[in-house]
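The structure displayed is predicted, hence computed values, not measured ones.
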Amino acid sequence: MTIRPILIHPDPRLKKVTAPVASIDDDLRRLADDMLETMYEAPGIGLAAPQVAVMRRVIVMDCQKDAEATPEPMVLINPEIIWSSEATSVYDEGCLSIPEQYAEVTRPAEVEVAWLGLDGKPQRARFDGLWATCVQHEIDHLDGKLFIDYLGPLKRQMITRKMQKLKREMARG
């Protein structure tokens, strides 16, 4: 497994809609393993393929934050929200592609998602709480949408400027 570099906003690849996965093969399984390792190392609770410069519809997540609990890694291929609750919840979201920046985002409190597992079999589950927020956030990445797109223009511009400055500092070493 390899820890892959995570793209930092603003990067045009983070704003592109990704292509569906046509077949599940060893390369895709290796990508999923790399994404999980990258997510855990960051550390984060979710990661979408475009964040590691792979423009395919793959996300990984593990919202089990209790250090004593068994990890619950999930790999979702071609995930699709098929139902959303009318009830909403607000979470203070962050993103591995927008480090050290957080903002409250309102999303449906519960969602039902359909996807393919690494075995190629269709799966479906209902998510709530942090899991619901995370899966929606990661699916947004597959559609070229970032959590800051839910914010007002001033806050979004302020965060984007901070990220541009961070990228300049990182380029200088």
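Remark: Leu166 CG to Ile8 CD1 distance equals 6.0 Å, nearest 0.5 Å. Rounded to the nearest 0.5 Å, atoms CZ (Arg13) and CG (Asp11) are 4.0 Å apart. Here Ile148 contributes atom CD1 and Glu93 contributes atom CD; the two are 12.0 Å apart, rounded to the nearest 0.5 Å. Distance check: Ile24 CD1 to Asp119 CG gives 7.0 Å after rounding to the nearest 0.5 Å. Note: Gln123 CD to Leu116 CG = 8.5 Å, rounded to the nearest 0.5 Å. Residue Ile82 holds its CD1 atom at 9.0 Å from CZ of Arg126, rounded to the nearest 0.5 Å.
Counting heavy atoms from C-beta on, the side chains of Lys15 and Leu146 come closer than 4.5 Å. By the 4.5 Å heavy-atom criterion applied to side chains, Thr160 and His9 are counted as neighbours. When side chains are defined from C-beta on, Ser89 counts as touching Thr133, because their heavy atoms get closer than 4.5 Å. Considering only heavy atoms from C-beta on, Gln51 stays 4.5 Å or farther from Thr38 through its side chain. No side-chain heavy atom of His137 sits less than 4.5 Å from a side-chain heavy atom of Tyr91. In this structure the side chain of Met163 reaches within 4.5 angstrom of the side chain of Pro10, judged on heavy atoms. At least one side-chain heavy atom of Asp62 sits under 4.5 Å from a side-chain heavy atom of Glu72. By the 4.5 Å heavy-atom criterion applied to side chains, Leu76 and Val113 are counted as neighbours.
Other cluster members for Ile3: none, since no ILVMFWY side-chain heavy atom sits under 4.5 Å from it. Members clustered with Met55: none, using a 4.5 Å side-chain heavy-atom cutoff among hydrophobic residues.
Thr2 places no side-chain N or O within donor-acceptor distance of the main-chain N or O of Asp34, the cut-off being under 3.5 Å. Side-chain N or O atoms of Thr88 include none that pairs as donor or acceptor with a backbone N or O of Thr106 at under 3.5 Å. In this structure a side-chain-to-backbone donor-acceptor pair under 3.5 Å is missing from Arg56 to Val21. Put simply, the side chain of Gln64 never gets that close to the backbone of Pro71: no donor and acceptor are under 3.5 Å apart. Counting only distance, with no hydrogens or angles, the side chain of Gln136 and the backbone of Pro108 share a donor-acceptor pair below 3.5 Å.
Between Ala132 and Phe127, the shortest heavy-atom contact is CB-O, 3.5 Å. Between Val58 and Val75, the shortest heavy-atom contact is CG1-CG1, 4.4 Å. Heavy-atom minimum distance, Leu118 versus Arg29: O-NH1, 3.5 Å. When all heavy atoms of Asp149 and Gly144 are compared, the pair lying nearest together is OD2-O, 4.2 Å. Of all heavy-atom pairs spanning Asp92 and Glu104, the tightest one is OD1-N, 3.5 Å. Contact between Arg57 and Pro79 at its shortest, heavy atoms only, is O-CD, 3.8 Å.
A cation-pi arrangement is present between Lys145 and Tyr150, with the terminal nitrogen or guanidinium carbon under 6.0 Å from the aromatic centre and inside a 45° cone about the axis.
The neighbour count for Lys167 NZ, taken as heavy atoms of other residues, nucleotides or ligands under 6.0 Å away, is above 12. Around atom CD of Glu100, no more than 12 heavy atoms belonging to other residues, nucleotides or ligands sit under 6.0 Å away.
Met39 and Leu130 are assigned to two separate hydrophobic clusters, defined by single-linkage of ILVMFWY side chains at heavy-atom distances under 4.5 Å. One hydrophobic cluster, built from ILVMFWY side chains closer than 4.5 Å, cannot hold both Ile45 and Tyr40; they sit in different ones. Clustering ILVMFWY residues whenever any of their side-chain heavy atoms sit less than 4.5 angstrom apart, transitively, puts Leu96 in the very cluster that holds Val52. Hydrophobic clustering (ILVMFWY, side-chain heavy atoms < 4.5 Å, transitive): Met61 and Ile98 are in distinct clusters. In the hydrophobic cluster analysis, where Ile, Leu, Val, Met, Phe, Trp and Tyr join through side-chain heavy atoms closer than 4.5 angstrom, Leu14 is grouped together with Ile159.
Between Arg30 and Asp27, at least one side-chain nitrogen of the basic residue sits less than 4.0 Å from a carboxylate oxygen of the acidic one, meeting the salt-bridge criterion.
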> What's the verdict on side-chain contact (heavy atoms from CB on, under 4.5 Å) for Ile59 and Met74, showing C-alpha distance, side-chain angles and the deciding distance?
Replying inline: CA-CA 8 Å; Ile59 64 173; Met74 294 185 75; over 6 Å; no
>> Met35 vs Arg4, test: side-chain contact (heavy atoms from CB on, under 4.5 Å). Steps then yes/no.
In response: CA-CA 7 Å; Met35 286 175 62; Arg4 297 187 183 213; 5.6 Å; no
